[in-house]
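Below: the structure, in structure tokens.
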Amino acid sequence: MTTSSPSSRLQKGFLKYQHVFVFLAPLLFVVGVYTAAPTPADAGSGYWFEYWWLCIAFVTGATIVNTVGISGSALFVPFLIFVFPLLAGETLTPETLVKVGLISESFGLSSSALAFIQYGLVDRRLALSLVLGSVPFVVAGALLSFVIPEPLFHALLGIALLTASYLLFKADLGHEEPGEAGDGDPGVSTDGGDATLPDDADKLGPAGVETADNGTVTRVDRDGNDYGYTRGGYLERFANYSIGGVFQGLAGFGVGELGIISMLRTEVPVRVAIGTNHIVVALTAVLASLVHVFGGGLVPGAHSIDLASTPWNMVVWTVPATVTGGQIAPYVSTALDTGTIKKFVGGLFAVIAAALFLMATGGV
């Protein structure tokens with residue numbers, strides 16, 4: 001019997017109770033915002049409760065996008081463009097739209113990413129290479145957002161959504177369904193007994209991963225389902241994540257939509273692709289958020305964006321909502337047909353893109 005190292009035990013303990021840490025994060029965020037964020041001088045209870053209803057919309061949206069494995073802003077930004085003015089009686093600038101979407105999805109996707117890691121559905125080696133390749137493109141897109149005209153912003157947003165819609169409809173979700181440990185195969189066991197599939201004692205349940213000499217990866221999730229794939233296809237994924245990274249910084253989404261398609265095209269199993277994509281989107285969303293909040297002074301002639309311009313009375317509701325949706329998503333993903341959800345989201349993207357093109361041309 002092998003003895004786990006202190007770091008392995010710490011990792012396993014963190015993942016076992018990750019939901020506690022995940023829900024502490026938005027609590028600390030809300031407390032920090034309430035006590036330290038620059039707010040209007042007359043901000044009372046009415047200011048903080050003005051947008052409480054955003055919590056309902058963002059829980060629903062976060063559950064949908066995290067189940068599919070795409071950026072939350074792909075739904076949040078269109079919602080804030082079209083539905084928010086009807087309910088709140090005011091419109092938001094493109095910079096504010098993207099900022100609220102990015103801050104919210106940073107928490108929600110981080111929450112969901114930890115949940116997928118706990119399930120054993122994240123290829124961390126693949127995720128790290130994709131994040132490092134996306135960083136300069138995300139920063140460039142975020143800085144570009146400070147100087148781009150609003151009609152062009154809406155047109156690019158529409159192009160991104162229409163492209164994502166097309167790719168989602170074209171994606172082949174049928175390859176490499178998970179195997180069931182136990183179906184004519186001794187599989188893995190929670191007590192670490194004999195097995196033909198990898199079983200890592202440092203992970204929760206019968207989860208593990210093993211990479212063969214020829215590059216074939218065998219992964220087992222917490223429920224004992226096994227997946228086989230390779231990490232080949234880096235060039236295609238790099239191209240998609242680079243283009244998506246620019247849109248991620250500019251509009252708050254894009255890297256997830258283009259990224260998930262490149263994963264599926266290079267035959268990464270659907271659930272592993274979704275789980276791994278969460279890490280990439282979460283980390284790039286955090287980076288883009290920081291540039292949007294603090295980067296206005298880096299671009300000559302840019303809009304003046306700083307901490308004081310952030311609508312804190314909105315994000316105190318949207319952040320806890322997206323965290324909750326992120327924790328629900330892995331359970332929804334295993335219970336529902338991911339292909340059906342993708343088709344629904346693809347159709348929704350197409351409708352939203354058409355409306356954005358009308359806005360860009362002055363038709364709305």
Smallest separation among heavy atoms of [X] and [Y], with atom names:
X: F79; Y: A57; result: CZ-CB, 3.6 Å
X: G232; Y: T266; result: O-CB, 3.9 Å
X: W317; Y: P320; result: O-CD, 3.5 Å
X: V59; Y: T324; result: CG2-CB, 4.4 Å
X: R219; Y: L121; result: CD-CA, 4.5 Å
X: A142; Y: A288; result: CB-O, 4.5 Å

Indicate if L128 and I117 have the same hydrophobic cluster label, given that clusters are the connected sets of ILVMFWY residues with side-chain heavy-atom separations under 4.5 angstrom. no
Atom CG of residue position D213 - does it have more than 12 heavy atoms of other residues, nucleotides or ligands inside 6.0 Å? no
Taking the side chain as everything from C-beta on, heavy atoms only, tell me whether [X] gets closer than 4.5 Å to [Y].
X: M263; Y: L130; answer: yes
X: F29; Y: V323; answer: no
X: F58; Y: V315; answer: no
X: F137; Y: I243; answer: no
X: D221; Y: Y227; answer: yes
X: M314; Y: L80; answer: yes
X: L97; Y: I81; answer: yes

Ring pair (Phe, Tyr, Trp, His ring centres under 6.0 Å) partners for F238, two or more places apart: none
With a 6.0 Å cut-off on the ring centroids, do Y51 and W312 count as close? no
Distance flag, aromatic centroids of Y34 and W48, threshold under 6.0 Å: yes
Filter on side-chain hydrogen bond (donor to acceptor under 3.5 Å, both in side chains), then keep only pairs touching residues 242-253, sequence neighbours left out; what's left? S71-Q248, E105-Q248
Candidate pair V135 and L287, rule side-chain contact (heavy atoms from CB on, under 4.5 Å), full reasoning: CA-CA 8 Å; V135 166; L287 174 62; 3.8 Å; yes
Donor-acceptor under 3.5 Å ([X] side chain, [Y] main chain):
X: D123; Y: T276; answer: no
X: T322; Y: F107; answer: no
X: S129; Y: L126; answer: yes

Do any pairs count as a salt bridge (charged side-chain N to carboxylate O under 4.0 Å, His left out) and have a residue in residues 234-244, sequence neighbours left out, and if so which ones? E236-R265
